[in-house]
Amino acid sequence: MKNSDSFFLTTPIYYVNDMPHIGHAYTTILADVLARYHRARGADTFFLTGVDEHGQKVQQAASSAGITPQEHCDRMVVHFREAWEKLGINYDFFIRTTDQFHIDAVRQVLQNLYDRGEIYQHEYGGYYCVGCERFYTQKELVDGKCPQHLKAPDFIKEKNYFFRMSKYQDWLVDYIQKNPDFIQPESRKNEVLGFLKNPLSDLCISRPKARLSWGIELPFDAEYVTYVWFDALLNYLTAIGYPNDLKRFEHWWPANYHLIGKDIVTTHCVYWPTILKAIGLPLPKTIFAHGWWMIDETKMSKSLKNIVKPLDLVDVYGVDSVRYFLMRDMMLGQDANFSEEIFIKRYNSELANDFGNLASRVVTLIKRNFTAIPEAAQPGNDEIEIQVSARKLPQTTHQLISELRVTEALEGIITFVRSINKYMEVRQPWQLVKTDKTEAGTVLYTALESLRLAATLLEPVMPTKIKELLSILPVDEQKQEFAWGRIKSGATIEQIPILFPRIDKSVKTSAEPPSAPLKKEEPLITIDDFAKVKLTTATVLTVEKVPDATKLLKLTIDLGTEKRQIVAGIAEHYSPEQLIGKTIIVVANLQPVTIRGIKSEGMLLAAKKDGKLTLLSSIDSIEPGAKIS
RNA sequence: GGCGGUGUAGCUCAGUGGUAAGAGCAGCGGCUUCAUAAGCCGUGUGUCGUAGGUUCAAAUCCCACCACCGCUACCA
């Protein structure tokens, strides 16, 4: 039975198709920080992370690199382990979906669901057009024929296994509404509820081996492997012992937090709860979706290649300050900006000036004027005021952390640090020491003890640097970490090193080269392959918006020899007026398709990066129909 | 197209019916010198996106509009 003090939190398991980047790092550091705070308050804590290793993309990446999928995974997992090591991540377990225990457990769960009728095999009829290599619904067919090839498609049957997700739709909507903390922040909850207004279909959880072999084989049909998401989500259960070590499992489940990025909300907030319901397990208490880091104004995500490697940041600035920055600057669930400039401002202002400098001045004053740490003799009003806020601070910090309000928790600590600086100005111990050494001692003890307390509260965020500082401060081990008065009067103290040296903005630390795009080993094509693509110039004759579609424009174009109609997803980037009369480049021999009921006989070429799209054209004017080679 | 969100000081944001609208950063002026050229004090005439409405009273509630964003549909 899970007791109230057991705290289980997870990150997603990261797909090994990609190198670790700041998105992965943020989630993982957040989890680490939360785990450390909960351990510090005495909670029985389990922090799970890992990697997701099955699926199509892994198989493809492996085959293009000429290695087995397992070899590919074995290579990639090292990058994640090393990254977390370097970022000071203290996880309790690192799961790989290729771990045998996970594979076994997933198969047991599948068998159980299958036996209880939660999974069924469905043979869906399909009107399959060989020319198009795709299925058509009856509605899409024109007079029973493929609209492209005007040929009657074959009716073929394909089998797959489906999880009865749809039957849990009403239950899920109800559950989400009755448990306001289940999906956070609220905007994500609304999105999920919006998603659930449309009918939910059953979830296809198998892939025929003929198409994809890299996955967990279904226990009840060796011709299939498990859909990668189904396999991956179950890690949250298998890693803590489900279904073979129920005692361990029940100690931790349900999870207190699944931390995720906002890109995987549907899988976690729709698929996962229904799977758990079908298994018969309670749902995690909270699924928290955080935002994305914008790097120099550009979106950072898995699919984009403008990767800023967390390890590079750490090499330049140090782990602790990077962790601090990431935790301090991203507000609950919102997107945040990262740039060197923003980082340096935050670092200099809070870590160097407010905190680090305070440590230096207090310790220096003690070393210079006293042989040992002085006593706090007669606390006056200023001392009492500091002590009052020092006693409140651990409580408010832990409260905020328990609500995932990390930014505000850190703000509270740094505000307290500022108040210590102010206290120093008010009491001026460097003057007092000349007139009243006892009172100067009281002031310095108060400042040092306040500093120690602030440092202790910052330790989960900056474990390395803070440990370094705390190891120098002599304490009375009998007294509790968060209690006032732990610093030991009469003990000697070493001079402390400069913890966070100020970064001089004029000396730009651009030692790091702009991160080169990952070199993917892409297969090369021959000139003959290229020749298969018929590219020609074309003149745009007419353009109109496709009704009820945001992105679509219908164009008629002149190819010199003929006129054609194409549909293109560029309405958000070009207005019809901008296009008429322009020369564009099209793929002339592309298989036609029907988009929104409109036939499209070709594709225009456009360059797209970071959300910006521009059509390709020729530098000098040229007749339509010119061949491009 | 549908659903939802955001728009407050140069920047990042807090503030959801009621004293003259706030914080941090940046800027400017001063004090101080124990300290990492750090610290402290002082300093903001901000159309609270625009235009209406409800109210004794609105940044805060309602309507419309504008801008941006998210999810979703359609987008190879």
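All values derive from a computational prediction rather than experimental measurement. Just so it is clear: chains get the letters A, B, ... in the order the sequence lines come, proteins before strands, and each one is counted from 1.
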#### Entry: Within residues 171-192 of chain A or reaching into it, pairs that qualify as ring pair (Phe, Tyr, Trp, His ring centres under 6.0 Å) - sequence neighbours excluded
A:W171-A:Y175, A:Y175-A:F182
### Task
Before giving the answer on salt bridge (Lys or Arg N to Asp or Glu O under 4.0 Å), spell out for A:E191 and A:R188 the whole-Å C-alpha distance, their side-chain angles and the decisive distance to 0.1 Å.
CA-CA 5 Å; A:E191 270 174 32; A:R188 300 296 157 201; 2.8 Å; yes
### Rounded distance (Å) that lies between atom C1' of B:U36 and atom CD of A:E350
16 Å
### Message
My understanding is that only residues two or more places apart in sequence, or in another chain, count here; which of them pass ring-ring contact (aromatic ring centres under 6.0 Å, His included) with A:F325?
### Response
A:W293, A:F338, A:F343
### Query
Heavy atoms under 4.0 Å, any strand shown: does A:V567 hit a base, just sugar-phosphate, or nothing?
sugar-phosphate
### Query
Across all strands, who's sitting opposite B:U55 as a Watson-Crick or G-U wobble pair, both distances under 3.5 Å?
none
### Query
With the sugar-phosphate defined as primed atoms, P, OP1 and OP2, and the base as all remaining atoms, what B/S/- string results for nucleotides 3-9 of chain B, 5' to 3', for protein heavy atoms under 4.0 Å?
-------
### Side chain to side chain, A:Q184 and A:I287, heavy atoms closer than 4.5 Å
no
Write out a two-atom table: protein N or O, nucleotide N or O from nucleotides 31-33 of chain B, distance below 3.5 Å.
from, atom 1, to, atom 2, distance (Å)
B:U33, OP1, A:Q431, NE2, 3.3

### Task
For A:L193 and B:G70, give me the distance from atom CG to atom P, rounded to whole Å.
20 Å
### Query
In whole angstrom, what separates A:L196's CG from B:C71's C1'?
12 Å
### Message
Any strand counts, and the cut-off is 3.5 Å on both contacts for Watson-Crick or G-U wobble. Which nucleotide pairs with B:C34?
### Response
none
### Task
Could I get the full list of side chain to side chain contact (heavy atoms under 4.5 Å, CB included) partners for A:S187, not counting sequence neighbours?
A:P185
### Task
Using a cut-off of strictly less than 4.0 Å, decide whether A:K422 has a side-chain nitrogen or oxygen near OP1 or OP2 of B:C41.
yes
### Message
Which residues pass the side chain to side chain contact (heavy atoms under 4.5 Å, CB included) test with A:S389, not counting sequence neighbours?
### Response
A:F416
### Query
Counting only non-hydrogen atoms, which of residues 354-361 of chain A are less than 4.0 Å from RNA chain B?
A:D354, A:G356, A:N357, A:S360, A:R361
### Phosphate-side-chain proximity, A:R502 and B:A38, N/O vs OP1/OP2 below 4.0 Å
yes
### Query
Taking only residues two or more places apart in sequence or in another chain, which ones pass side chain to side chain contact (heavy atoms under 4.5 Å, CB included) with A:S489?
A:E375, A:Y445
### Task
Hunt down the Watson-Crick or G-U wobble partner of B:U60, both distances under 3.5 Å, from any strand shown, or write none.
none
### Message
If you compare every side-chain N and O of A:N353 against the phosphate oxygens of B:G39 (OP1, OP2), does one of them come in below 4.0 Å?
### Response
yes
Check nucleotides 10-14 of chain B for protein N or O atoms closer than 3.5 Å to its own N or O atoms and list the pairs.
none

N/O donor-acceptor pairs under 3.5 Å from side chains in residues 366-374 of chain A, not counting sequence neighbours:
from, atom 1, to, atom 2, distance (Å)
A:K367, NZ, A:I493, O, 2.8
A:N369, ND2, A:L365, O, 2.9

### Task
Just name whichever nucleotide pairs with B:A67, Watson-Crick or G-U, keeping both distances under 3.5 Å, else none.
B:U6
### Message
Heavy atoms from C-beta onward define the side chain here; which of B:U36, B:C25, B:G39 lies closest to that of A:R418?
### Response
B:C25
### Query
When the aromatic ring centroids of A:H258 and A:F288 are compared, is their separation below 6.0 Å?
no
### Query
Sequence neighbours excluded, which residues qualify as side chain to side chain contact (heavy atoms under 4.5 Å, CB included) partners of A:A409?
A:T397, A:L400, A:I401
### Task
Using the C1' atom as the reference point in each nucleotide, state the distance between B:A14 and B:G52 in Å, no decimals.
28 Å
### Task
Would you mind pulling out the nucleotide paired to B:A76, Watson-Crick or G-U wobble, both distances under 3.5 Å?
none
### First encountered from the 5' end of RNA chain B, between A:T266 and A:S349
A:S349
### Query
What residue pairs, at least two apart or across chains, pass salt bridge (Lys or Arg N to Asp or Glu O under 4.0 Å) with a residue in residues 172-182 of chain A?
A:D174-A:K178
